[in-house]
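Structure first, then comments.
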Amino acid sequence: MGGGAVSAGGGVPGAREAELAANLARVEERVTRACDAAGRARADVTLIVVTKTYPAEDVRRLAALGVRHVAENRDQEAAAKAAACADLPLNWHFVGQLQTNKVRSVTSYARCVHSVDRVRLVHALSSAVVNAGRPPLDCLVQVALEKKPGDSGGRGGVAPEGVEELVTALAGAPGLRAAGLMTVAPLSGRYAGEPAAAFERLWEMSRDLRARHPAANMVSAGMSADLEQAIAAGATHVRVGSAVLGVRPTLG
Ligand SMILES: *Cc1c(COP(=O)(O)O)cnc(C)c1O
């Protein structure tokens with residue numbers, strides 16, 4: 001899977017618009033079908049288009065096509081694009097590993113951070129939001145289902161055992177809102193190659209979390225290759241990049 005996106009673009013005026021429109025329509029159809037299959041309302045799932053590695057012009061084209069949620073994973077790139085698109089009615093999401101020295105910048109454009117994975121980051125985000133007098137920032141704890149307690153390094157995210165501590169920290173942090181959980185289908189461990197099982201596990205964790213924090217109801221899961229499995233498992237937000245914009249030339 002991967003959505004069959006084409007990434008040419010071409011030199012023909014309007015060709016990129018047409019390509020993005022066609023890709024977006026295909027993704028929208030996949031989301032709608034997955035919602036139907038799961039007996040869920042289409043309105044229960046928010047499509048976030050991940051625009052990393054693609055230029056601000058593409059973000060502008062997507063906004064013209066009705067996209068309202070976009071995501072980035074690197075601050076330097078995101079900050080420039082958000083500034084170039086400041087006139088557009090877009091909600092920016094940050095989904096990448098986040099260093100504390102980038103927090104002040106990220107909180108200046110992002111309304112939601114999906115990648116909270118350590119207490120130090122919670123404190124840094126809170127200070128940045130409070131000091132700049134910004135509205136409350138939605139924060140998701142990124143769960144790395146493949147990690148054991150104490151594992152650090154590798155891809156972002158905290159081991160399942162560490163979620164509670166982070167949610168408690170978020171709930172008590174001025175300027176932040178404990179908004180839910182996020183995951184990326186693991187490449188290793190017992191959930192490798194089993195995105196459906198991984199997303200079901202995330203859903204169970206979300207259910208436990210909502211019993212104590214009813215407002216922490218966002219479940220961010222599913223990308224181009226596995227958005228159907230995520231929607232079947234209860235995802236409220238899917239993060240789709242290459243199926244809309246084309247296969248990225250570099251890892252990112
Ligand atoms: C790049 C990225 C996505 C989108 O991935 P695609 O496979 O291109 O859809 C989703 N989530 C995160 C955290 C990402 O870094």
Side-chain angles (χ1 to χ4, degrees), residues 1-9 19-20 22-31 34 45-55 58-59 62 67 69-79 81-82 90-99 102 106 110-118 121 138-147 153-158 179-188 191-196 198-199 202 218-231 233 235-252:
M1 281 198 282
V6 189
S7 70
E19 179 181 16
L20 290 175
N23 289 347
L24 193 61
R26 262 197 299 269
V27 167
E28 179 55 40
E29 195 186 315
R30 288 175 62 192
V31 171
V45 178
T46 299
L47 172 64
I48 303 172
V49 179
V50 184
T51 48
K52 64 188 181 194
T53 78
Y54 286 94
D58 278 347
V59 178
L62 290 167
V67 168
H69 293 267
V70 292
E72 290 282 332
N73 71 336
R74 289 199 180 92
D75 171 59
Q76 205 180 359
E77 182 183 346
K81 269 185 239 180
L90 290 170
N91 299 298
W92 291 83
H93 297 249
F94 193 83
V95 300
Q97 277 180 276
L98 181 49
Q99 295 165 278
K102 306 287 190 197
V106 167
R111 64 168 283 176
C112 182
V113 172
H114 292 232
S115 44
V116 173
D117 60 1
R118 57 204 192 281
L121 184 55
D138 284 348
C139 291
L140 307 184
V141 172
Q142 180 177 352
V143 187
L145 293 164
E146 71 277 23
K147 283 189 182 173
R155 300 203 299 176
V158 66
L181 302 178
M182 178 273 230
T183 204
V184 176
L187 297 172
S188 61
Y191 292 108
E194 306 283 350
F199 299 147
L202 186 73
M218 285 176 66
V219 181
S220 170
M223 319 200 300
S224 293
D226 51 24
L227 67 88
E228 283 86 0
Q229 289 93 330
I231 291 171
T236 61
H237 292 69
V238 292
R239 311 178 307 269
V240 179
S242 52
V244 173
L245 288 133
V247 176
R248 289 178 294 277
T250 53
L251 282 179

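Order of appearance sets the numbers: ligands from 1, and atoms from 1 within every ligand. Basis for what follows: all heavy atoms, side chains included, without hydrogens, waters or symmetry-related copies. Position 1 is the first residue of the sequence; numbering continues from there.
Under the side chain to side chain contact (heavy atoms under 4.5 Å, CB included) criterion, Ala71 pairs with Ile48, Val50, His93, Val95, sequence neighbours left out. Legend: residues meeting side chain to side chain contact (heavy atoms under 4.5 Å, CB included) with Lys81, ordered by chain and number and at least two apart, are Thr51, Ala56, Val59, Glu72, Glu77, Trp92.
Which parts of ligand 1 touch Arg239 is read off a 4.0 Å heavy-atom cut-off, strictly below it: atoms 4 (C), 9 (O), 10 (C), 11 (N), 12 (C), 13 (C). When each atom of ligand 1 is checked for a heavy atom of Val240 under 4.0 Å away, the hits are 9 (O). Remark: ligand 1 atoms within the under-4.0 Å shell around heavy atoms of Arg248 are 1 (C), 5 (O), 6 (P), 8 (O).
Side-chain contact between Leu90 and His69: absent, with no pair of heavy atoms (C-beta onward) separated by less than 4.5 Å. At a threshold of 4.5 Å between non-hydrogen side-chain atoms, the residues Arg155 and Glu146 count as touching.
Residue Lys52 touches ligand 1 through its side chain alone, judged by heavy-atom distances below 4.0 Å.
Considering backbone and side-chain atoms alike, Val95 places every N or O at 3.5 Å or more from each N or O of ligand 1.
Taken to the nearest 0.5 Å, the CG atom of Leu140 stands 8.0 Å off from the OG1 atom of Thr236.
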